[in-house]
Each structure stands twice: as structure tokens, then as C-alpha cells.
Amino acid sequence: MSKPTLTIASKNYGSWSLRGWLLCKMANLDFEEKNVGTDDPSTRAELLLLSPSFLVPRLVHDRMNVWDTLAIAEYLDEIAPEAGILPKDQAQRAHCRSICGEMHSGFSNLRSALPMNIKAHFPGFKSWAGARADIERITAIWRECIGEHKGPYLFGKKPCAADAMYAPVCSRFVTYDVGLDPVSKEYCRTIMAMPLMQEWIAAAKVEPDELEELDVEF
């Protein structure tokens with residue numbers, strides 16, 4: 001049986017790739033990475049929010065081809081239930097799926113106004129009103145989850161699919177110097193300090209590929 005592979009795009013710009021990679025790591029899956037360069041037209045379209053179809057990340061495991069981050073999360077929970085990708089409690093699992101789905105299909109204003117760019121930093125960046133509404137909704141989700149499950153992660157003491165889904169948002173908030181309430185600020189610190197996040201960030205910082213369209217001076 002061949003080793004599983006995970007196809008990802010840029011580590012600096014690829015928010016969906018980060019989510020899939022975190023999920024596989026959280027599931028303790030021993031996989032090989034395959035990178036699609038930013039010179040690939042379909043990859044550039046996805047990273048620049050010009051394509052509604054996300055073909056990365058893509059997991060190939062036991063001759064099965066699984067793409068779309070939510071599908072990967074569900075698949076990993078099936079093959080590695082002990083990893084806790086989804087909470088075991090039915091009510092918590094439904095809540096987790098709901099906020100993952102909200103991240104998956106929503107917050108388009110945030111995505112376009114604050115694209116993921118780990119190498120960059122824009123102190124004092126001013127978010128426009130549409131993005132601000134998304135930020136307020138996201139931080140409300142965080143406060144609700146942490147208030148109910150006592151943190152430090154969204155569903156308790158261990159990171160799960162919800163944390164993987166919102167991890168790129170934490171990166172965006174750091175890049176664009178977004179002001180946050182104390183609970184949300186501490187959650188961002190927790191996510192950014194995770195060893196897996198630090199591993200991804202270190203790789204992103206030495207990545208040679210660039211997208212000039214996302215490196216403009218704000």
C-alpha cells in the first residue's frame with residue numbers, strides 16, 4: 001500500500017491548504033506532501049479568489065481521492081476516530097460541523113479584504129465595513145465556543161476540525177493587525193503558538209513562490 005499524499009498549494013497564501021494539512025497532522029496521518037506551484041493557472045485562480053472550485057488540498061489515501069476540506073475532515077474522523085477531529089458528543093459534533101460549514105461557505109468579505117499572506121505585516125491596517133462584520137461574527141463564534149467548552153481550543157483542551165478551519169483566520173488577524181477582544185486575542189495566540197502552526201509558518205517564510213497581486217502595499 002502506497003503512502004498517503006496530500007496535494008497543497010502555497011504555504012504563504014494557501015489558507016485551504018493549511019486547513020487540510022492541519023487536519024492530516026491532527027489525525028496523525030503519515031503522509032507525503034505534493035505541492036502545486038503558484039504558476040499553475042488553476043492554483044492562482046483559487047488563491048486570488050477567482051475560482052469557486054477548490055481542488056486543493058487533495059488527499060489520496062488507500063486509492064481514494066478526497067478533496068474539499070470538509071470532506072477531508074469527515075474522512076479523517078472516520079479512519080482515525082481516536083484523533084478527535086470531530087467531538088465525540090453528538091451535540092458538540094453538530095455544533096462543530098455548523099461552525100466549520102460557516103467558515104467553509106461564508107466570510108467572503110474577509111477573504112477578499114484580508115487575503116492570507118504569512119510573510120506580510122500591515123500595522124494599523126483599516127478593515128472596511130464588510131470585512132469588519134465578518135470579523136465580528138467570527139470572534140462571536142470563538143467567544144461562544146470558548147465560553148462553553150472552557151478552551152484553550154474551540155471545543156476544549158484539544159484542537160479539532162474547528163480549530164483547523166479557523167487557523168488561517170488567526171494568521172490573517174496577525175498579518176493585518178486586527179484589534180480583538182481579550183478572549184479572541186488569547187485564542188489567536190494559542191493557535192499561532194501551536195507547534196504545527198509554527199512548522200507551517202517556518203516553511204511559508206522560506207517559500208520562493210510569490211503572487212505579486214497579493215503583495216501590494218496596502
Side-chain angles (χ1 to χ4, degrees), residues 2-38 40 42-49 51-87 93 96-108 110-111 115-118 138 153-155 158-172 191-192 194-205 207 209 211 214:
S2 60
K3 194 171 185 178
T5 61
L6 181 72
T7 302
I8 60 174
S10 165
K11 287 191 172 180
N12 188 50
Y13 306 108
S15 59
W16 292 104
S17 292
L18 170 56
R19 292 178 177 107
W21 185 88
L22 284 174
L23 288 165
C24 289
K25 289 287 187 177
M26 288 176 181
N28 298 312
L29 187 68
D30 182 20
F31 65 93
E32 293 180 354
E33 291 180 25
K34 286 188 177 181
N35 292 85
V36 180
T38 55
D40 177 81
S42 61
T43 302
R44 290 180 71 88
E46 290 177 5
L47 294 175
L48 293 170
L49 308 177
S51 170
S53 175
F54 294 97
L55 300 181
V56 291
R58 183 172 66 253
L59 175 64
V60 178
H61 180 249
D62 286 350
R63 293 180 292 181
M64 284 178 279
N65 195 0
V66 189
W67 66 97
D68 184 279
T69 313
L70 286 183
I72 291 172
E74 293 282 355
Y75 178 73
L76 292 171
D77 189 63
E78 289 176 355
I79 66 170
E82 72 286 349
I85 297 297
L86 294 174
R93 194 162 61 249
C96 180
R97 283 182 168 128
S98 295
I99 65 169
C100 286
E102 192 170 350
M103 181 73 254
H104 189 268
S105 61
F107 307 123
S108 58
L110 176 73
R111 298 182 203 282
M116 181 163 141
N117 190 338
I118 288 173
I138 288 168
Y153 299 103
L154 294 179
F155 285 83
K158 188 176 178 182
C160 69
D163 301 288
M165 290 297 289
Y166 284 88
V169 177
C170 295
S171 169
R172 286 174 160 100
I191 293 298
M192 297 302 287
M194 286 172 57
L196 290 177
M197 279 295 287
Q198 288 297 305
E199 180 182 344
W200 179 277
I201 290 166
K205 287 184 175 178
E207 189 176 75
D209 296 330
L211 282 172
L214 293 180

Can you tell me how far apart [atom1] ([X]) and [atom2] ([Y]) are? Round to the nearest 0.5 Å.
X	Y	atom1	atom2	result
R97	L70	CZ	CG	10.0 Å
D68	R19	CG	CZ	11.0 Å
T5	K34	OG1	NZ	5.0 Å
K25	D30	NZ	CG	8.0 Å
D163	C96	CG	SG	8.0 Å
N35	K11	CG	NZ	6.5 Å

(message) Could you walk me through whether I99 and M165 satisfy the side chain to side chain contact (heavy atoms under 4.5 Å, CB included) test, starting with their C-alpha distance in whole Å, then the side-chain angles of each, then the deciding distance to 0.1 Å, before giving a yes or no?
(response) CA-CA 9 Å; I99 65 169; M165 290 297 289; over 6 Å; no

State, yes or no, whether a side-chain contact exists between [X] and [Y] at a heavy-atom distance under 4.5 Å.
X	Y	value
E207	I118	no
W67	I72	no
C170	M197	no
W200	K205	no
E33	I8	yes

(message) Under a 3.5 Å distance rule, please check whether Y166 uses its side chain to pair with a backbone N or O of I138 as donor and acceptor.
(response) no

Give me the atom names and distance for the closest heavy-atom approach of [X] to [Y].
X	Y	result
A27	I85	N-CD1, 3.9 Å
K158	A83	NZ-O, 3.2 Å
W21	E199	CZ2-OE2, 3.6 Å
G20	T69	N-CG2, 4.1 Å
P159	M26	CB-CE, 3.7 Å
M116	P168	SD-CB, 3.9 Å

(request) Determine the sole option in P4, S2, C24 for which the side-chain contact (heavy atoms from CB on, under 4.5 Å) test with H61 is passed. (result) P4

(request) Sorted by first residue and then second, give each side-chain hydrogen bond (donor to acceptor under 3.5 Å, both in side chains) pair with at least one member in residues 76-85; sequence neighbours left out. (result) none

(message) Using the rule given for side chain to side chain contact (heavy atoms under 4.5 Å, CB included), can you reason through L6 versus L29, listing the C-alpha separation, both sets of side-chain angles and the distance that settles it, and then say yes or no?
(response) CA-CA 10 Å; L6 181 72; L29 187 68; over 6 Å; no

